[in-house]
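Just so it is clear: chains get the letters A, B, ... in the order the sequence lines come, proteins before strands, and each one is counted from 1.
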Amino acid sequence: MKTTCLHDLHVALGALMSPFGGFDMPIQYAGIEEEHRAVRNACGVFDVSHMGEVAVTGPDAERFVNHIFTNDVREMPDGKILYGMMLHPDGGTVDDLLVYKRGDNDFFLVINAANIDKDVAWIEKNAEGFDVKIDHQSDRWGELAVQGPDAERIMHDVLGIDGSDLTFYTFKTIGDIIVSRTGYTGEDGFEIYADAEKIRGYWQKLIHAGVQPCGLGCRDTLRFEAGLPLYGDELGDDITPLEAGLGIFVKLDKPEFIGREALAAQKASGPARKIVGIEVDGQAIPRHGYEVLDSEGNKVGEVTTGYHSITLDKNIAMALVDAAHAALDTPLQVKVRRKVFPAKVIKKRFYTPNYKK
Amino acid sequence: MLYYLPTHEYARIEGNIATIGISEFAAHQLGNVVYVDMPEEDDEVTKGEDFGAIESVKAASDLFSPVSGTVVEVNEALVDNPRLVNEDPMNNWIIKVEMSDPSELEELLSPEAYEKVCEAEKH
């Protein structure tokens with residue numbers, strides 16, 4: 001099992017540790033609800049050093065990134081970040097990722113921990129014929145996410161990092177660290193990439209200043225409320241971005257990228273399945289893998305993520321259902337163990353994010 | 001008399017009635033309980049098989065019955081206030097079962113043996 005550069009500090013804080021994406025990671029410290037509310041109302045800090053980093057440089061770097069990535073990096077200014085996916089030729093998703101543009105033909109890709117080996121192999125395999133250098137750097141970078149409405153002030157007051165000039169999905173390089181206005185919580189916030197020694201120093205300063213340490217438990221409840229997908233739940237090798245409702249990150253007007261033809265065909269015919277939001281009427285909590293039924297009791301899909309929402313105090317879920325049952329207000333049912341509960345389709349962005357535009 | 005399953009359910013025995021709930025250790029490990037899925041009165045339960053589930057924010061955990069028999073009472077207070085389980089799991093029981101085979105109790109853990117199970121799980 002891999003560990004991050006903060007592992008001993010999590011254990012010292014009494015965190016509940018559990019495997020995630022091949023790493024022994026903190027799930028919670030004070031408790032999921034308390035940490036969740038700290039991020040919604042003030043600020044919390046997450047160790048996200050498990051995320052993978054790959055630098056792509058060289059004369060063909062821009063053309064190559066555009067070849068493996070659904071979004072379009074051609075018009076990106078330096079310091080801009082785009083979200084998108086890498087696809088299989090059949091349109092299934094290899095991974096969702098962030099692409100940072102550091103300069104002409106100089107890109108920094110941030111990928112999911114659980115997919116690091118698969119992604120690096122995929123990137124290298126598809127680089128044949130391109131004049132690019134692919135540098136897998138996951139072992140060299142730690143990463144913190146400082147998230148919440150107070151994040152900008154805390155970055156400045158505690159870490160001496162001024163992020164006030166950054167808007168959402170932009171970044172800057174300060175010496176050998178990267179600071180971006182990004183996150184996975186539906187709140188304003190920053191992510192800091194640096195070496196292990198600096199990440200440990202930042203973490204200890206933040207904890208000493210009273211910033212709430214937050215585990216992967218609330219990272220999931222927060223991203224879920226904001227309608228953000230998690231690879232393995234709402235995205236997967238057999239789920240396309242169009243099925244996941246992420247079509248705005250797929251630029252079908254680009255001349256080519258891996259998976260483009262499959263997605264163009266799927267867009268023309270309409271996806272057969274879609275990720276929707278579901279609200280359950282009753283106390284039962286819909287969990288990943290539970291069956292979704294139509295009003296007559298026929299199975300029409302499965303829950304991908306579900307919670308008793310901490311912010312909204314409702315039992316809600318995202319689910320992958322047959323397109324015929326995906327319209328807002330469609331009555332559905334969810335099977336929770338032996339019982340069946342009424343539900344209906346609602347918007348999957350359950351909580352309106354507060355980003356710094 | 002008090003008995004436990006290694007899966008953290010307790011059975012407190014008075015006469016032929018087993019009062020079943022989850023241990024202090026389990027209540028603490030789960031974090032805040034948001035839903036208790038309980039059977040209905042007159043339902044049959046079987047030793048070692050699940051009779052319901054207890055849900056925290058993060059996950060659903062099956063509840064296993066320490067004894068076989070018939071449900072004679074469910075704790076309705078947990079319907080509106082599942083967090084009572086966190087506050088005092090020994091008094092905020094989940095179901096009461098009229099046992100069909102009290103000899104099954106011999107296979108359950110004593111409080112001392114259960115304590116060792118918890119110690120082992122604390123790493």
Side-chain angles (χ1 to χ4, degrees), chain A residues 1 10-11 14-20 24-37 214-225 230 280-290 303 305-317 334-341, chain B residues 7-9 22 24-46 48-65 71 74-87 89 92 94-95 118-123:
Chain A
M1 180 95 57
H10 300 316
V11 172
L16 172 67
M17 305 295 290
S18 189
F20 180 84
D24 191 35
M25 294 298 290
I27 301 304
Q28 62 179 59
Y29 306 81
I32 292 176
E33 288 174 63
E34 192 175 335
E35 293 163 29
H36 181 108
R37 291 200 176 91
C214 294
L216 295 186
C218 79
R219 186 167 156 87
D220 201 49
T221 56
L222 288 159
R223 71 90 192 164
F224 164 73
E225 286 183 348
L230 173 65
V280 173
D281 181 11
Q283 283 191 308
I285 301 163
R287 304 280 185 185
H288 178 95
Y290 288 7
V303 172
T305 307
Y307 280 111
H308 178 83
S309 165
I310 294 165
T311 307
L312 306 172
D313 195 25
K314 291 176 180 175
N315 292 323
I316 50 180
V334 179
K335 193 173 176 199
V336 179
R337 291 176 292 276
R338 281 161 291 199
K339 300 174 196 166
V340 170
F341 291 83
Chain B
T7 47
H8 306 291
E9 295 83 1
I22 65 161
E24 299 264 4
F25 177 81
H28 178 74
Q29 291 289 106
L30 277 172
N32 285 334
V33 172
V34 291
Y35 175 56
V36 185
D37 183 358
M38 296 182 285
E40 290 173 9
E41 253 177 59
D42 297 330
D43 281 358
E44 299 289 321
V45 297
T46 306
E49 293 188 8
D50 67 292
F51 66 83
I54 193 160
E55 303 220 23
S56 65
V57 172
K58 185 64 195 163
S61 307
D62 284 334
L63 292 165
F64 295 96
S65 184
V71 177
V74 299
N75 188 352
E76 298 290 346
L78 301 182
V79 174
D80 290 327
N81 196 356
R83 290 186 188 201
L84 289 170
V85 172
N86 292 114
E87 288 163 20
N92 293 306
I94 297 169
I95 55 170
C118 297
E119 281 302 319
E121 285 193 20
K122 283 178 195 162
H123 308 294

Exercise for the section: Examine whether an atom of A:Asp220 lies under 4.5 Å from a heavy atom of chain B, and if so say whether it belongs to the side chain, the backbone or both; otherwise answer neither. Expected result: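 Answer is side chain: those atoms of A:Asp220 sit under 4.5 Å from chain B.
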Exercise for the section: Under 4.5 Å heavy-atom distance to chain B, tell me which part of A:Gln283 shows up: side chain, backbone, both or neither. Expected result: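 It is both, since atoms from each part get that close.
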Handout entry: Heavy-atom proximity to chain A below 4.5 Å, by part of B:Asp50
Key =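 Interface part for B:Asp50: both.
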Handout entry: Interface moiety of B:Val36 toward chain A, non-hydrogen atoms closer than 4.5 Å
Key =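 It is neither, since no heavy atom gets under 4.5 Å.
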Problem - Inter-residue atom distance B:Asn32.CG - A:His308.NE2, 0.5 Å rounding - result: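 Taking CG in B:Asn32 and NE2 in A:His308, the distance rounds to 10.0 Å.
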Practice task
With rounding to the nearest 0.5 Å, note down the distance linking CD1 in A:Ile285 to NZ in B:Lys58.
Solution key: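 With rounding to 0.5 Å, CD1 (A:Ile285) is 12.5 Å from NZ (B:Lys58).
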Handout entry: A:Lys339/B:Asp37 under salt bridge (Lys or Arg N to Asp or Glu O under 4.0 Å): CA gap, chis, key distance, verdict
Key = CA-CA 10 Å; A:Lys339 300 174 196 166; B:Asp37 183 358; 2.8 Å; yes
Problem - Taking every non-hydrogen atom, the tightest pair across A:Arg287 and B:Val57 - result: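 The answer is NH1-O, 3.0 Å.
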Practice task
Determine the minimum heavy-atom distance between A:Tyr290 and B:Ala60, stating which atoms define it.
Solution key: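 Heavy atoms of A:Tyr290 and B:Ala60 come nearest at OH-CB, 3.9 Å.
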